[in-house]
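Chain letters run A, B, ... following the sequence lines, proteins first, then strands; residues in each count from 1.
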Protein chains: 2
Amino acid sequence: MNSDTRQRIVMTALEMFYVKGYNSTSIADILSRSQVHSGSLYHCFPGKQDLLVAVLEFYRDGIEDNLLSIAWADQTDPIEKIFALLNGYRIGLLMSDFQHGCPIGNLALEISEPDPRIRELLDVNFANWIDAVERCLNSANERLPAGTDTHALAEFILTIMEGAIMQARTARDIAVFDRNITVLRQHINLLLEKAKEPS
Amino acid sequence: MNSDTRQRIVMTALEMFYVKGYNSTSIADILSRSQVHSGSLYHCFPGKQDLLVAVLEFYRDGIEDNLLSIAWADQTDPIEKIFALLNGYRIGLLMSDFQHGCPIGNLALEISEPDPRIRELLDVNFANWIDAVERCLNSANERLPAGTDTHALAEFILTIMEGAIMQARTARDIAVFDRNITVLRQHINLLLEKAKEPS
DNA sequence: TGAAAACTTGAATGATCGATCAAGTGAGTG
DNA sequence: CACTCACTTGATCGATCATTCAAGTTTTCA
């Protein structure tokens, strides 16, 4: 397996699935953009679905190096880490003129009857993201009300990220995204305040 | 324009776009399911995009009769109206084995480079949904903290609905949806409690 | 009643899709 | 040097895509 060719194919597919979606990206698109011929592609991958699997495995294996470590550079406060992560998606929206949202979320809604491998990989990617946020919340444990369900709260934050991106892309207006994050911030502040109460 | 044929086409397209998505639904699919021949379809619609426009116009014009009035039967409390609306999507997920999410949200993420008409129609549909929730919040105005941004909160609730559906569909687990709604409920309760404080 | 307009039928079109494969290249190994 | 085998080339395949259109049928209305 020529890993240079394979990697070029995967990175091209990753980028095109991100911008155009899975169904709207043709093999011919990927071939011309990656400067690879069809025989080489089908030497590395049995079919288009396996290309998607490879892309999702790349996301899964690279969450630390390609996402978290970048968003969390210079961040120490665990609560601020969460907002720094969300801000990464905000920047992605702005820099791409609202083309780049969340690659996993896009695929999750686009693929209606997924291959089991693909559904599981989408699920794992979500789970890894939730875990990362949950670790932040657990680090801030003593600042949150006793008995706070940090897993549910981490899921909630993913939910807000996905929904906020969806609305901002549709409206082509970053202010929608910002208002959503502001309400999330208010919710977190309410929790922090509640934790301070003597009760 | 034979409105019977037109309506049958639109309702079939609506259903198939909902379940399979826009790109994955072929004209041939719609023709066979609606028992219409291609000439009739293209007599009514210039092309596939115009079919999507008609579907989105149907959603836009039917939000009151086809969505709100059903979800809000037997609901009087404005806050509970919001949760009843969310519960409608929960039931849709369960009854369709996680096939039915939010038709607007699905299309919003799937269509990456939309025709301006389509982007605007997606936007209008979101705006109408937000308006409906905002009206509920405004009705409960005196129970919320003074100065609450009800528009931002309504956007936030749409965000949660979309994100919760996305996660529940991917995990094929309604518990994810429920946990998200629970956290939203806690946020609303925090607001209601805060409004009671003498400050 | 008769002609025009609206609508239906269904075969056909060219484009594009994912996928195949025979032939060729070249690096590594005996 | 000879052989192997991973890899590349690029023409080609059948399926399916959205769309077209000539011919036929029904409805409208003067």
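DNA chain C is contacted by both A:K48 and B:Q35; B:Q35 maps to the nucleotide lying nearer its 5′ end (nearest heavy atom per residue). Residue order along DNA chain C, read from the 5' end via each residue's closest nucleotide, puts B:H37 first among B:H37 and A:A28.
One can place CG of A:D50 at 12 Å from C1' of C:dG18, the figure rounded to the nearest angstrom. Across the protein-nucleic acid pair, B:H43 atom NE2 and D:dT27 atom C1' stand 12 Å apart, rounded to whole Å. Atoms CD1 (A:I30) and P (C:dC17) sit 11 Å apart, rounded to a whole Å. Summarising the geometry, the separation between CZ on A:R6 and P on D:dA6 is reported as 16 Å, rounded to the nearest angstrom. Going from atom CG of A:L41 over to atom P of D:dA11 covers 17 Å, rounded to whole Å. As a whole-Å value, the separation of A:N23 CG from D:dA18 P is 12 Å. When the P atom of C:dT8 is taken as reference, atom CG of B:L31 falls 12 Å away, rounded to whole Å. Whole-Å rounding puts the B:F45 CZ to D:dT19 C1' distance at 15 Å.
Of the candidates A:K20, A:R33, A:E15, A:T25 forms a side chain to side chain contact (heavy atoms under 4.5 Å, CB included) with just one, namely A:K20.
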Inset, instruction - I would like to know whether A:D123 and A:R119 meet salt bridge (Lys or Arg N to Asp or Glu O under 4.0 Å); could you show each step before the answer? - result: CA-CA 6 Å; A:D123 207 20; A:R119 214 215 88 247; 3.6 Å; yes

Inset, instruction - Might you work through the salt bridge (Lys or Arg N to Asp or Glu O under 4.0 Å) test for A:R135 and A:D131, ending with a clear yes or no? - result: CA-CA 6 Å; A:R135 282 194 303 269; A:D131 277 350; 5.3 Å; no

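Placement of B:L67 and B:L122 within a single hydrophobic cluster is found when ILVMFWY residues are connected by side-chain heavy-atom separations under 4.5 Å, directly or transitively.
Across all non-hydrogen atoms, the minimal contact from A:A13 to A:V55 is CB-CG2, 3.9 Å.
Taking side-chain N and O atoms only, B:S26 has no distance below 4.0 Å to OP1 or OP2 of D:dT16.
A donor-acceptor pair is defined here as one N or O able to donate and one able to accept, closer than 3.5 Å; such a pair exists between the side chain of A:Q167 and the backbone of B:E155.
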Distances for protein N/O vs nucleotides 20-23 of chain C N/O pairs under 3.5 angstrom?
from: C:dT20; atom 1: O4; to: A:S38; atom 2: OG; distance (Å): 2.7

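The residue A:I27 sits close only to the backbone: its heavy atoms come under 4.0 Å of sugar-phosphate atoms, none of a base. Among the protein residues, B:T25 comes within range of the sugar-phosphate backbone only, with heavy atoms under 4.0 Å from sugar or phosphate atoms but none that close to a base.
The aromatic rings of B:Y18 and B:H100 lie parallel to each other, with less than 30° between the two planes, well short of the 60° mark.
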